[in-house]
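Please read the structure below before turning to the comments.
We count residues from 1, following the sequence as given.
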Amino acid sequence: MSGSVRVYISIGTNVDRERHVIAALDALNGWFDELIISPVYDSEAVGFDGSPFLNLVVGVDTDLPVAELSRRFKQLEADNGRRRDVPKFSARTLDLDILTYGDVVGRIDGVELPRGEILKNAFVLRPLADIAPEAMHPVCGKTYGQLWQNYSAGQKLWPVDFSWKGRQISREFAG
């Protein structure tokens, strides 16, 4: 795969949340020319009893292959205290996932594309729909805006005030 491709990345944390979101944005800002940043949402933990998460989605254009993105994200998670020796559904200092890599479908370098969570979890779909409402899900053929409009799983999200590098990313009670 060559040439620049749009990649959407989910970011989540429920441990020292603001610090870890900022660490992720700072790292991504160092690797990519421009970040398309969704509002930041507060969401309940899914799959376990735990502290609420902060979640957002970032879009970037890159010519890096999936394997290199995955390696960088795993290293960034490790650098921020992410432990892999705990249950899958547990507290996270930092969790970065490649949601889409252009319109690629399938298992690429160990990464399932597009990520299944897009269709299941409000904390992934809502911020993705915020920044890419007209982009098409490469499997189901609907836009992320349409998918969010029809979402009915009942997961709750709350926009939160969040600033990064002097820029207001999101506001509480935002649309």
Using atom types as modelled, flag every donor-acceptor pair under 3.5 Å from a side chain in residues 64-73 to any protein atom, sequence neighbours excluded.
unit_1 : atom_1 : unit_2 : atom_2 : d
Glu68  : OE1    : Arg71  : NE     : 3.1
Glu68  : OE2    : Arg71  : NH2    : 2.8
Glu68  : OE2    : Arg72  : NE     : 2.9
Ser70  : OG     : Lys74  : NZ     : 3.3

Looking at side-chain heavy atoms only, is the closest gap between [X] and [Y] below 4.5 Å?
{"X": "Thr100", "Y": "Ile118", "result": "yes"}
{"X": "Arg17", "Y": "Pro52", "result": "yes"}
{"X": "Leu119", "Y": "Leu125", "result": "no"}
{"X": "Ser43", "Y": "Gln155", "result": "no"}
{"X": "Ile11", "Y": "Leu28", "result": "yes"}

- Message: Check whether Ser38 reaches the backbone of Leu56 with its side chain - one donor and one acceptor, N or O, closer than 3.5 Å.
- Response: no
- Item | Side chain Ser170, main chain Val160, donor-acceptor under 3.5 Å |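 At least one qualifying donor-acceptor pair exists.
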Can you name the side chain to side chain contact (heavy atoms under 4.5 Å, CB included) partners of [X], sequence neighbours left out?
{"X": "Lys142", "answer": "Cys140, Gln146, Leu147"}
{"X": "Ala132", "answer": "Tyr8, Leu128, Ala135, Tyr144"}
{"X": "Gln75", "answer": "Ala78, Asp79"}

- Query: Got a sec, which residues hit side chain to side chain donor-acceptor pair (under 3.5 Å) with Asp61, two or more places apart in sequence or on another chain?
  - Reply: Arg6
- Task: Under the side chain to side chain donor-acceptor pair (under 3.5 Å) rule, collect the residues that match up with Ser163, sequence neighbours excluded.
- Result: Gln168
Once salt bridge (Lys or Arg N to Asp or Glu O under 4.0 Å) is applied, what residue pairs with a partner in [range] remain, sequence neighbours excluded?
{"range": "residues 19-39", "answer": "Asp16-Arg19"}
{"range": "residues 108-118", "answer": "Asp97-Arg115, Arg107-Glu112, Arg115-Glu117"}
{"range": "residues 153-166", "answer": "none"}

- Note on the structure: Here the pair of heavy atoms bringing Pro39 nearest to Pro127 is O-CB, 4.3 Å
- Query: For the residue pair Asn80 and Ala23, what are the closest heavy atoms and their distance?
  - Reply: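 In this case the closest contact between Asn80 and Ala23 is OD1-CB, 3.4 Å.
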With rounding to the nearest 0.5 angstrom, report the [atom1] to [atom2] distance, [X] to [Y].
{"X": "Thr13", "Y": "Phe53", "atom1": "OG1", "atom2": "CZ", "result": "7.5 Å"}
{"X": "Ile9", "Y": "Asp95", "atom1": "CD1", "atom2": "CG", "result": "12.5 Å"}
{"X": "Asn121", "Y": "Arg126", "atom1": "CG", "atom2": "CZ", "result": "15.0 Å"}
{"X": "Tyr41", "Y": "Leu54", "atom1": "OH", "atom2": "CG", "result": "12.5 Å"}
{"X": "His20", "Y": "Leu94", "atom1": "NE2", "atom2": "CG", "result": "6.5 Å"}

- Task: Can you spot which of Val58, Ile37, Val57 makes a side chain to side chain contact (heavy atoms under 4.5 Å, CB included) with Ile131?
- Result: Val57
- Message: Checking side chain to side chain contact (heavy atoms under 4.5 Å, CB included) between Leu25 and each of Val21, Asn29, Ile22, which is the one that passes?
- Response: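 Filter result, single survivor: Val21.
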- Item | ring-ring contact (aromatic ring centres under 6.0 Å, His included) partners of residues 145-166, not counting sequence neighbours, each pair once | Trp148-Tyr151
- Message: Suppose clustering is done on Ile, Leu, Val, Met, Phe, Trp and Tyr with side-chain heavy atoms closer than 4.5 Å. Which residues sit in the same group as Val105?
- Response: Val139
- When hydrophobic residues are tied together by side-chain contacts of less than 4.5 Å, even through go-betweens, does Tyr101 share a cluster with Met136?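 No, it is not one cluster - the side chains of Tyr101 and Met136 are not joined through contacts under 4.5 Å.
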